Amino acid sequence: MQAVDVVKHVQHAGSSLSILQGVNLTLYPGETVAIVGASGSGKSTLLGLLAGLDHPSGGQIALFGKPLGPLDEDARARLRHQFVGFVFQSFQLMPALTALENVMLPLELAGDPEAESQAKAMLERVGLSQRLDHLPKYLSGGEQQRVALARAFVASPKLLFADEPTGNLDAATGAQIISLMFQLNRAQGTTLVLVTHDSALASRCDRAFHLTGGKLVELSRE
Ligand SMILES: Nc1ncnc2c1ncn2[C@@H]1O[C@H](COP(=O)(O)OP(=O)(O)OP(=O)(O)O)[C@@H](O)[C@H]1O
Ligand SMILES: [Mg+2]
């Protein structure tokens, strides 16, 4: 993934609001990257752009060497389904689908005949074997977050974006989820990009960036 001079502004209440003001970032295969920054600094906006879910107002983003700009919505969606996992801050589960069906969805889109057994195994890994048939509205916030994580992991994406993936979890469950992400990174070479307020998690990553004033600044490490 490569982002060059990415700018994002939105129109709001008649005036233009500048969120990102020239972000540059290159992700290398298999690395783990943390993005930290104050609430409202644009972290979720940036993640959505890097994953091809939203269009920048300026600059270029390429996923796996393919510039996203010229691709239409279908081509972007295909690229995402094939390679990208995304854990939204607000989960964004399908409300009419059970936990199991939500996690099966990316596998079914990929035509995987083992969708059900793989989705069950992943839900077991996040500790939700007892909640397979629950609709999202009958799950707690942390349970919904774990379903969202299972859905993002299940198709073994090459690139996983996670927006505050442990924000709603207790310390023990959060630690389990984090170790699951790092296992995926080690076992399958998945590149991880995590937005987090947790400095311990950020320091476990290969690199960390601070989003401030609409720009990314790499944090130096000893
Ligand atoms: N479509 C939009 N219209 C108007 N304002 C927007 C829009 N999208 C984002 N913003 C504003 O841009 C800023 C950045 O939002 P964003 O969600 O990216 O922040 P964040 O860094 O993820 O914050 P948090 O840590 O609270 O999740 C916010 O102040 C938000 O109100
Ligand atoms: Mg956010």
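Predicted, not measured: the structure shown is a model, and the values here were computed from it. The first residue of the sequence shown is numbered 1, and numbering continues consecutively from there. Remember, it's 1-based here, ligands and their atoms both numbered in the order they're listed.
Crowding of Q130 atom CD: a count of heavy atoms from other residues, nucleotides or ligands under 6.0 Å not exceeding 12.
Proximity of a side-chain donor or acceptor of D112 to a complementary backbone N or O of E108 within less than 3.5 Å is not detected. Put simply, the side chain of R151 gets close to the backbone of F91: a donor and an acceptor are under 3.5 Å apart. Listed for the Q144 side chain is a donor-acceptor partner under 3.5 Å among the backbone atoms of L139.
Geometrically, R80 does not engage F86 in a cation-pi contact, judged by NZ or CZ lying under 6.0 Å from the ring centre and within 45° of the ring axis.
Geometrically, ligand 1 and K43 share a nitrogen or oxygen pair separated by less than 3.5 Å. Residue G40 has at least one nitrogen or oxygen atom sitting less than 3.5 Å from a nitrogen or oxygen atom of ligand 1, judged on distance alone.
Ligand 1 lies less than 4.0 angstrom from a heavy atom belonging to G42. Contact annotation: A38 has at least one heavy atom less than 4.0 Å from an atom of ligand 1.
Using a 4.0 Å cut-off between heavy atoms, Q11 makes no contact with ligand 1 at all. By the criterion of a heavy-atom distance under 4.0 Å, the side chain of I19, and not its backbone, is placed next to ligand 1. Residue-level proximity to ligand 1 for D163 is absent, since no heavy atom of it falls below 4.0 angstrom.
Atom CG of D198 sits about 10.0 Å away from atom CZ of R204, to the nearest 0.5 Å. Between M122 atom CE and S129 atom OG the span is 12.5 Å, to the nearest 0.5 Å. Between D5 atom CG and K215 atom NZ the span is 8.0 Å, to the nearest 0.5 Å. Residue R207 holds its CZ atom at 7.5 Å from OG1 of T26, rounded to the nearest 0.5 Å. Put simply, CG on L132 and CE on M104 are 10.5 Å apart, with the number rounded to the nearest 0.5 Å.
For atom 5 (N) of ligand 1, the closest non-hydrogen atom of the protein is L17 CD2, 3.6 Å. Annotation: atom 15 (O) of ligand 1 to nearest protein heavy atom, T45 OG1, 3.7 Å. The single protein non-hydrogen atom nearest to atom 26 (O) of ligand 1 is S39 OG, 2.6 Å, given as residue, atom name and distance. The nearest protein atom to atom 17 (O) of ligand 1, hydrogens excluded, is given as S44 CB, 3.7 Å; this is a heavy-atom distance. At the shortest separation from atom 27 (O) of ligand 1 among protein heavy atoms lies Q89 NE2, 2.8 Å. Of the protein's heavy atoms, V10 CG2, 3.6 Å lies nearest to atom 3 (N) of ligand 1.
Taking every heavy atom of H12 and a limit of under 4.0 angstrom, the matching atoms of ligand 1 come to 4 (C). Residue E164 approaches ligand 1 through these ligand atoms, each under 4.0 Å from one of its heavy atoms: 25 (O), 27 (O).
The pair K120-E124 does not count as a salt bridge, with every side-chain nitrogen at least 4.0 angstrom from each carboxylate oxygen.
Note on S44: counted as a metal contact of the Mg ion (ligand 2), an N/O/S atom lying under 2.8 Å. Contact annotation: S39 places no N, O or S atom under 2.8 Å from the Mg ion (ligand 2).
Under the 4.0 angstrom criterion, atom 30 (C) of ligand 1 counts as lacking any protein heavy-atom contact.
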